[in-house]
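The structure presented is a predicted model; accordingly, all values stated were derived computationally and were not measured.
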Amino acid sequence: MLMRNVMQSRGMRGAIGAIVTGSLVGLAIPAKAGVLDDVFFRRTVDDANYAECARDLARSNVTAALAAEACANATRPEDLGVCVSRITRGQVSADDALSVCRRVRRPVAAANCVVDISQKAPPTAFGNVLEGCRQSLLPERFSKCVVDLSRELKLATDQSIANCIGAVDFAGDIPPTVLPGANTTSPVVSPINPPVSPGQTAPIQSPTPPTTTPKTAPGTVIPQRF
């Protein structure tokens, strides 16, 4: 009798209804798992915007065949398009801009580097500007080095580029990196006076001039600053 009263109570009936409803929903979820994954869990491909890359290259007068090949092989096609578009706003051809943008790890930063230096550089230095920004590991920092040295020291752009791209970064507590397999052992030098047997006179030899030791051993990698 007591159990019947409990089962007939309003609160118990509501709890049983909630349990049944939850069970039915749980059974229905696996059938919709693919839809939920598409809505909530699937990663977007907005960063692989091939359409923007193609449009930017076409506006920059890159041929359709070359633009298709470049955008298809780009890791970040949208960044490639932005790089070419920014560089070609100056006096740089589309082919030269594309040659730089597709061979750097940071296309947008390389474009900013070219634009910043080109604003202060004569047209005759554009070739070195493109090559310097392409070689630099930190293009925007490199462009600041070039612009600041040229302005403050009254240096030609080509000279500032040579100084900044040639800067090396030696930390006091980090030894230089040596490539595997490099021969860094010192050569064995024979003694000046060879051993003499008893009863023989040691020949007099002229003193050997000291050899100059190179500052860096073969295979040493010099870290680039910019």
Atom [atom1] of [X] and atom [atom2] of [Y]: how far apart are they, to the nearest 0.5 Å?
| X | Y | atom1 | atom2 | result |
| --- | --- | --- | --- | --- |
| Asp158 | Thr124 | CG | OG1 | 6.5 Å |
| Arg134 | Arg103 | CZ | CZ | 4.0 Å |
| Glu131 | Ser99 | CD | OG | 8.0 Å |
| Asp96 | Ile87 | CG | CD1 | 9.5 Å |
| Asp148 | Cys164 | CG | SG | 8.5 Å |
| Asp79 | Glu52 | CG | CD | 11.5 Å |

Which atom names give the shortest non-hydrogen contact between [X] and [Y], and what distance separates them?
| X | Y | answer |
| --- | --- | --- |
| Val108 | Cys83 | N-CB, 4.5 Å |
| Cys71 | Pro77 | O-CB, 4.0 Å |
| Ala94 | Thr88 | CA-CG2, 3.7 Å |
| Val84 | Cys101 | N-SG, 3.4 Å |
| Phe142 | Ser136 | CB-OG, 3.2 Å |
| Ala109 | Pro139 | O-CB, 3.6 Å |

Under the side chain to side chain contact (heavy atoms under 4.5 Å, CB included) criterion, do Arg59 and Arg55 qualify, and how do the steps go?
CA-CA 6 Å; Arg59 294 191 191 105; Arg55 280 193 290 267; 3.7 Å; yes

For Asn128 and Thr157, run side chain to side chain contact (heavy atoms under 4.5 Å, CB included): C-alpha distance rounded to whole Å, both residues' side-chain angles, the deciding distance at 0.1 Å, then the answer.
CA-CA 9 Å; Asn128 287 337; Thr157 303; over 6 Å; no

Are any non-hydrogen side-chain atoms of [X] and [Y] less than 4.5 angstrom apart?
| X | Y | value |
| --- | --- | --- |
| Glu78 | Cys53 | no |
| Asp56 | Val62 | no |
| Ser143 | Asn112 | no |
| Leu155 | Asn163 | yes |

Please answer: with hydrophobic residues joined when any side-chain heavy atoms are less than 4.5 Å apart, are [X] and [Y] in the same cluster?
| X | Y | result |
| --- | --- | --- |
| Val147 | Val114 | yes |
| Phe126 | Val146 | yes |
| Ile165 | Ile117 | yes |
| Val100 | Val92 | yes |

If we ignore hydrogens and angles and just use 3.5 Å, is the side chain of Ser118 paired with the main-chain N or O of Val115 as donor and acceptor?
no

Salt bridge Glu69-Arg102, side-chain N to carboxylate O under 4.0 Å:
yes

Just do the side chain to side chain contact (heavy atoms under 4.5 Å, CB included) check on Leu66 and Asp95 with the steps written out, would you?
CA-CA 9 Å; Leu66 186 57; Asp95 291 342; 4.1 Å; yes

